[in-house]
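Just below is one structure, and these are the notes that go with it.
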Amino acid sequence: NTDHQLLTELANKLFMYTDMQLWDKLLTDVFTEDIWFDMSSAGAGEPGSMKAASLCKSWKEGFIGLDSVHHQAGHYLIEMNENGNADIFAYAVAYHYKKAATKGQTRTFVGSYDLKAIQTPNGWRLNQFKYNLKFIDGNASLE
């Protein structure tokens, strides 16, 4: 496999493992131990470095009460850097579904991602996760 294919698969694993709530697989197959995390565009606080395990724990807690999560991602633009690392730009739409919600059962997040990947002894891993929210549609609170 070429690096481009491996990096595309890495981005796909990010979204698919998140949807399937395979937190251990995210930690072993997708992220480095420490990542630069920025979801400030979606109101998630200040960007900064954090443990991938802490991120997965917060996502796991955030998914409690949701019946389904689905990310549809693509339009990957992958650029190899002089230092051997890679930048991955992606478009993605995330659907959250909650059957019990009374003001609409879905909310949709539309945006893009600026991901960075580095080579590790175990292959390519993401060390940066930056989300750029364009808009939210539907029942944002899922009440």
Side-chain angles (χ1 to χ4, degrees), residues 1-81 83 85-120 122-143:
N1 282 346
T2 68
D3 284 332
H4 191 277
Q5 290 170 315
L6 293 170
L7 290 161
T8 299
E9 184 174 296
L10 180 65
N12 285 335
K13 285 178 180 178
L14 167 66
F15 298 116
M16 294 170 72
Y17 291 172
T18 299
D19 289 351
M20 293 183 279
Q21 300 188 42
L22 298 175
W23 311 119
D24 290 342
K25 297 277 280 176
L26 279 170
L27 294 174
T28 59
D29 297 359
V30 176
F31 291 127
T32 56
E33 184 179 348
D34 295 291
I35 59 168
W36 180 261
F37 181 75
D38 182 355
M39 282 190 64
S40 57
S41 67
E46 291 298 311
S49 182
M50 71 183 306
K51 297 285 185 197
S54 296
L55 173 61
C56 289
K57 183 177 185 278
S58 77
W59 283 352
K60 180 179 181 178
E61 291 167 359
F63 282 14
I64 292 172
L66 296 178
D67 294 301
S68 188
V69 175
H70 178 88
H71 287 81
Q72 197 69 44
H75 300 304
Y76 298 123
L77 299 177
I78 297 171
E79 186 174 313
M80 303 303 294
N81 299 323
N83 59 7
N85 298 338
D87 295 332
I88 307 167
F89 175 85
Y91 271 178
V93 178
Y95 301 93
H96 292 183
Y97 173 74
K98 183 176 180 180
K99 187 174 184 177
T102 59
K103 298 177 182 176
Q105 296 176 320
T106 60
R107 66 180 168 207
T108 306
F109 296 85
V110 177
S112 66
Y113 291 81
D114 294 308
L115 307 171
K116 290 191 183 294
I118 61 169
Q119 271 286 9
T120 74
N122 297 317
W124 287 103
R125 296 296 183 266
L126 296 179
N127 68 343
Q128 175 181 297
F129 178 102
K130 182 177 189 292
Y131 181 59
N132 310 296
L133 177 69
K134 289 184 179 179
F135 63 89
I136 299 173
D137 191 29
N139 179 4
S141 66
L142 281 182
E143 294 175 350

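Atoms considered below: every heavy atom in the structure, side chains included; atoms not considered: hydrogens, waters and symmetry mates.
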Taking all atoms of both residues into account, what is the closest heavy-atom pair of I136 and A140, and its distance? CG2-CB, 4.0 Å
Shortest non-hydrogen pair, A52 vs T32, comes out as CB-O, 3.3 Å
Rounded to the nearest 0.5 Å, the CD atom of Q128 sits from the CD1 atom of I35 at a distance of 9.5 Å
Looking only at heavy atoms, the pair that brings L7 and M80 closest together is CD1-SD, 3.8 Å
Over 12 non-hydrogen atoms of neighbours within 6.0 angstrom of CG in D24: no
Set of residues satisfying salt bridge (Lys or Arg N to Asp or Glu O under 4.0 Å) with respect to E79, sequence neighbours excluded: none
Is there side-chain contact between L14 and T18, with at least one heavy-atom pair below 4.5 Å? yes
Step by step, work out the side-chain contact (heavy atoms from CB on, under 4.5 Å) result for L6 and L10. CA-CA 6 Å; L6 293 170; L10 180 65; over 6 Å; no
Partner residues of D67 under the side-chain hydrogen bond (donor to acceptor under 3.5 Å, both in side chains) criterion, sequence neighbours left out: none
N/O donor-acceptor pairs under 3.5 Å from side chains in residues 86-99, not counting sequence neighbours:
| residue | atom | partner | partner atom | Å |
| --- | --- | --- | --- | --- |
| D87 | OD1 | K116 | NZ | 2.8 |
| H96 | ND1 | R107 | NE | 3.0 |
| H96 | ND1 | R107 | NH2 | 3.2 |

Rounded to the nearest 0.5 Å, the CG atom of L22 sits from the CG atom of L26 at a distance of 7.5 Å
A side-chain contact here means heavy atoms from C-beta on lying under 4.5 Å apart; do D34 and K51 qualify? yes
Mind checking side-chain hydrogen bond (donor to acceptor under 3.5 Å, both in side chains) for S112 and listing every partner two or more places apart, or none if nothing turns up? N132
Between N83 and N85, is there a donor-acceptor pair closer than 3.5 Å when you use the side chain of the first and the backbone of the second? yes
Which side-chain N or O atoms in residues 39-46 pair as donor and acceptor under 3.5 Å with protein atoms at least two apart or in another chain?
| residue | atom | partner | partner atom | Å |
| --- | --- | --- | --- | --- |
| S40 | OG | D38 | OD1 | 2.6 |
| S41 | OG | Y131 | O | 2.8 |
| S41 | OG | L133 | N | 2.8 |

Side chain to side chain contact (heavy atoms under 4.5 Å, CB included) partner of W124, the single match among D3, D29, V30: D3
Look up atom OG1 in T108 and atom NE2 in H70, then write down how far apart they are to the nearest 0.5 Å. 10.5 Å
Check for a donor-acceptor pair, side chain of E61 on one end and backbone N or O of S58 on the other, with a separation under 3.5 Å. no
Roughly how far apart are L126 CG and K13 NZ, rounded to 0.5 Å? 10.5 Å
Strictly by ring-ring contact (aromatic ring centres under 6.0 Å, His included), give each pair with a member in residues 5-32 just once, sequence neighbours left out. F15-H71, F15-Y113, W23-F63
Report the distance from atom CD of E33 to atom CG of L27, rounding to the nearest 0.5 Å. 9.5 Å
Roughly how far apart are N139 CG and K103 NZ, rounded to 0.5 Å? 7.5 Å
